[in-house]
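Before any comments, here is the structure.
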Amino acid sequence: MSGAIAVLRREFSAALDAPSAWVATATFAVALRRCSSSRAIRSATCNQPGLWEGRVASLHVVFAWLPPMYAILAPALTMGSWAEERRAGTEELLLAWPIRTFDVVLGKFLSAWALLLVVTLVAIAPAVVVVANLGPLDLGTVLGGAIGTALLGAACVAVGLLVSSATREQLVAFLVSALVLAGLWSVSLFIRVIPASFAEWAYLLSPQAHFVDSAARGVFALADVVYFGTLSGLALLVTWRTVEARRRG
């Protein structure tokens, strides 16, 4: 575990020193504020007005915008994690450290996850203050949304790292992981045109079912933990196998 912590510190410090992290934070904060304040969520299963349209002291619409925005933010934060290491030739030096491959994978994951949560906190904090001034804020609902956000972020980061580990080009890693995450989120938008026998399964594969329609509303279920935990675990496992194969090769 000490190896993973060492990689975590290395990666997180490097991320904070990179201008791209600050640009991503500012862009994400502005985009989330604009979308949640003035744009409604409309899908086959969720109809949520914008923050000001609803005139309700709730963060649901803010949380509901996170899946599509994480489809951009997570790839932006993870695209260079492995791809840049391979392109620059520093992956061999990193893997030459006397630590296990899984510790390196875990350290990179924890670093990207922590960075994504910090960016999210910076972006959501102003909305929390505004909503709290509109009326009594249900702390239980906020806590459920926060836990769900952490799990959603973990899954998105894990997928981004998996794609990054399979390529040398940051742009390719960004585009592919963004398409995968956007595809998962958009499944719920096409439920009405999917045959009924597949619609329920398709819905359960989307973050819509396990975040927007549950945790974002403050309703947290074990199925949500299983979904995001399984997605994160499988992505990290494949990443580990991919990097381990290169290390032994």
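Because the structure is a prediction, the values reported are computed rather than measured.
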Are [Y] and [X] connected into the same hydrophobic cluster when the rule is that any two of I, L, V, M, F, W, Y join if their side-chain heavy atoms are below 4.5 Å apart?
{"X": "Val225", "Y": "Phe63", "answer": "yes"}
{"X": "Val163", "Y": "Met79", "answer": "no"}
{"X": "Leu162", "Y": "Trp240", "answer": "no"}
{"X": "Phe228", "Y": "Ile147", "answer": "yes"}
{"X": "Val176", "Y": "Leu234", "answer": "no"}

> Judged by atom type as modelled, is there a donor-acceptor pair below 3.5 Å linking the side chain of Lys108 to the main-chain atoms of Val7?
Replying inline: no

> Any donor-acceptor pair under 3.5 Å linking the side chain of Ser111 with the backbone of Gly107?
Replying inline: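 Absent.
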
>> Which residues pass the side-chain hydrogen bond (donor to acceptor under 3.5 Å, both in side chains) test with Asp103, not counting sequence neighbours?
In response: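 With sequence neighbours excluded, Asp103 shows a side-chain hydrogen bond (donor to acceptor under 3.5 Å, both in side chains) to Arg100, given in chain and number order.
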
>> Just to verify, what does Thr101 make a side-chain hydrogen bond (donor to acceptor under 3.5 Å, both in side chains) with, not counting sequence neighbours?
In response: Glu244, Arg247

With a 4.5 Å cut-off on side-chain heavy atoms, are [Y] and [X] touching?
{"X": "Phe28", "Y": "Ile72", "value": "no"}
{"X": "Thr78", "Y": "Phe174", "value": "no"}
{"X": "Val243", "Y": "Val104", "value": "no"}
{"X": "Val157", "Y": "Leu77", "value": "no"}
{"X": "Leu117", "Y": "Leu121", "value": "no"}

> Parallel under 30°, tilted from 30 to 60°, perpendicular over 60°: which one fits the rings of Tyr227 and His210?
Replying inline: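 The arrangement is parallel - the two ring planes meet at less than 30°.
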
Return the minimal non-hydrogen interatomic distance between [X] and [Y], and the atom names on each side.
{"X": "Ala15", "Y": "Leu115", "answer": "CB-CD2, 3.7 Å"}
{"X": "Ser164", "Y": "Trp82", "answer": "OG-N, 3.0 Å"}
{"X": "Pro75", "Y": "Ser177", "answer": "CB-OG, 3.1 Å"}
{"X": "Ala4", "Y": "Leu106", "answer": "CB-CD2, 4.0 Å"}
{"X": "Trp185", "Y": "Pro67", "answer": "CD1-CB, 3.2 Å"}
{"X": "Ala154", "Y": "Ser232", "answer": "C-OG, 3.5 Å"}

> Looking at residues at least two apart in the chain, or sitting in another chain, which of them share a ring pair (Phe, Tyr, Trp, His ring centres under 6.0 Å) with Phe12?
Replying inline: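 Result, ring pair (Phe, Tyr, Trp, His ring centres under 6.0 Å) vs Phe12: none returned.
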
> Can you list every pair that meets side chain to side chain donor-acceptor pair (under 3.5 Å) and has a residue in residues 165-176, with sequence neighbours left out?
Replying inline: Glu84-Gln170

> Quick one: side chain to side chain contact (heavy atoms under 4.5 Å, CB included) partners of Thr90, sequence neighbours excluded?
Replying inline: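 Per chain and number, Thr90 pairs via side chain to side chain contact (heavy atoms under 4.5 Å, CB included) with Glu85, Ala88.
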
> According to the ring pair (Phe, Tyr, Trp, His ring centres under 6.0 Å) rule, which pairs have a member within residues 103-125, sequence neighbours left out?
Replying inline: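 As it turns out, the ring pair (Phe, Tyr, Trp, His ring centres under 6.0 Å) pairs with a partner in residues 103-125, which skip direct neighbours, are Phe109-Trp113.
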
> Can a donor-acceptor pair be found between the side chains of Thr149 and Tyr70 at a distance below 3.5 Å?
Replying inline: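 Their side chains do not contain a donor-acceptor pair, so the 3.5 Å distance test is not met.
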
>> Show, in sequence, the C-alpha distance, side-chain angles and deciding distance for Leu73 and Leu116, and conclude whether the side-chain contact (heavy atoms from CB on, under 4.5 Å) test is met.
In response: CA-CA 8 Å; Leu73 178 62; Leu116 180 137; 4.3 Å; yes

> Can you tell me how far the CD1 atom of Ile99 sits from the CD1 atom of Ile5, to the nearest 0.5 Å?
Replying inline: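 Nearest 0.5 Å value for the CD1-CD1 distance: 11.5 Å.
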
